[in-house]
Amino acid sequence: MNIAFCSTGCDLNSSVDERFGRTTNFLIYKTETGETTCIENRARTAKGGAGALAVQQLVDNNVSVIIAPEVGPQAMDALKKFNITAYNQQGASTVKEALDLWKEEKLSLIEEPGNKGLHKA
């Protein structure tokens, strides 16, 4: 299973990004091997619909779980369409902390979209 984290960098010690659609990178962790892959978020500079565009990039990388701060309405619709499960990163400051919380089953599901997405530049 591939899990994507919103990240400012490209390793497990990177800070989690407080944005989803406009996160700098997605760090993808493969649960079977423990390997990570860093992909630059192409949607971060989109004029609109960044969340939905980011979801498509995750689909292209076979991601089935995301760990994010929250997601906007368009992103939530896209996640549901592609059966990608979203968990809240619960205040973790690094990707490794968020991964450890996920392994310990301490993260809560994101079941409803944020009101408008974060729209932070």
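The model shown is predicted, which means the values in this text are computed figures rather than measured ones. Quick note: numbers below take in every heavy atom, side chains included, and nothing from hydrogens, waters or symmetry partners.
For the pair Phe82/Leu58, no side-chain contact is recorded, criterion being any heavy-atom separation below 4.5 Å from C-beta on. Contact of the Thr24 side chain with the Arg19 side chain is registered, since non-hydrogen atoms from C-beta on lie closer than 4.5 Å. Side-chain contact between Gln89 and Glu97: absent, with no pair of heavy atoms (C-beta onward) separated by less than 4.5 Å.
Judged by distance alone, with hydrogens and angles left aside, the side-chain atoms of Asn62 form no donor-acceptor pair with the main-chain N or O of Asn2 at under 3.5 Å. Side chain of Thr8 to backbone of Ser15: a donor-acceptor contact under 3.5 angstrom is found. With Arg44 contributing its side chain and Ala50 its backbone, the two residues share no donor-acceptor pair below 3.5 Å. The main-chain N or O of Leu27 is never found under 3.5 Å from a side-chain atom of Asn25 such that the two would form a donor-acceptor pair. Without hydrogens or angle criteria, Asn41 side chain to Gly21 main chain gives a donor-acceptor distance under 3.5 Å.
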Which is it for Phe5 and Tyr87 under the ring pair (Phe, Tyr, Trp, His ring centres under 6.0 Å) test, yes or no, and what are the steps along the way? CA-CA 10 Å; Phe5 296 84; Tyr87 289 92; over 10 Å; no

What's the verdict on salt bridge (charged side-chain N to carboxylate O under 4.0 Å, His left out) for Asp77 and Lys81, showing C-alpha distance, side-chain angles and the deciding distance? CA-CA 6 Å; Asp77 289 345; Lys81 177 180 176 184; over 6 Å; no

Under the side-chain contact (heavy atoms from CB on, under 4.5 Å) rule, what do Asn61 and Thr37 come out as? Steps first, then yes or no, please. CA-CA 10 Å; Asn61 284 278; Thr37 302; 5.7 Å; no

Audit row: Val16, Ile67, side-chain contact (heavy atoms from CB on, under 4.5 Å) steps and yes/no: CA-CA 9 Å; Val16 292; Ile67 313 294; over 6 Å; no

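Between the CD1 atom in Ile39 and the CD1 atom in Ile28 there is a gap of 4.0 Å [rounded to 0.5 Å]. Remark: Cys6 SG to Phe26 CZ distance equals 5.0 Å, nearest 0.5 Å. Going from atom CE of Met76 over to atom CD1 of Ile110 covers 6.0 Å, rounded to the nearest 0.5 Å. Rounded to the nearest 0.5 angstrom, Thr94 OG1 and Leu12 CG are separated by 8.0 Å. Between Thr36 atom OG1 and Ile3 atom CD1 the span is 12.0 Å, to the nearest 0.5 Å. Interatomic distance, OG1 of Thr31 versus NZ of Lys103, reported as 9.0 Å (0.5 Å rounding).
Linking Ile, Leu, Val, Met, Phe, Trp and Tyr whenever their side-chain heavy atoms come within less than 4.5 Å leaves Trp102 and Ile84 in two separate clusters. Hydrophobic clustering, with ILVMFWY side chains joined whenever heavy atoms are under 4.5 angstrom apart, keeps Leu109 apart from Phe20.
Closest approach of Ala52 and Ala78 over heavy atoms only: CA-CB, 4.4 Å. The nearest pair of heavy atoms linking Ala46 to Leu53 is CB-CD1, 3.6 Å. Lys80 and Glu111 make their closest contact through NZ-O, 4.0 Å (heavy atoms, listed as atom of the first residue, atom of the second, distance). The nearest pair of heavy atoms linking Arg42 to Gln57 is N-OE1, 3.0 Å. Pro69 and Asn88 get closest at one heavy-atom pair: O-ND2, 2.8 Å. Heavy atoms only, all atoms of each residue included: Thr23 and Ser7 are closest at OG1-N, 3.3 Å.
For Lys106, the NZ atom is loosely surrounded, since the number of other residues' heavy atoms within 6.0 Å does not exceed 12. Counting heavy-atom neighbours within 6.0 Å of Glu105 CD, excluding the residue itself, gives a total of 12 or less. Counting heavy-atom neighbours within 6.0 Å of Glu104 CD, excluding the residue itself, gives a total above 12.
Applying the ring-ring contact (aromatic ring centres under 6.0 Å, His included) rule to pairs touching residues 43-70 yields nothing, sequence neighbours excluded.
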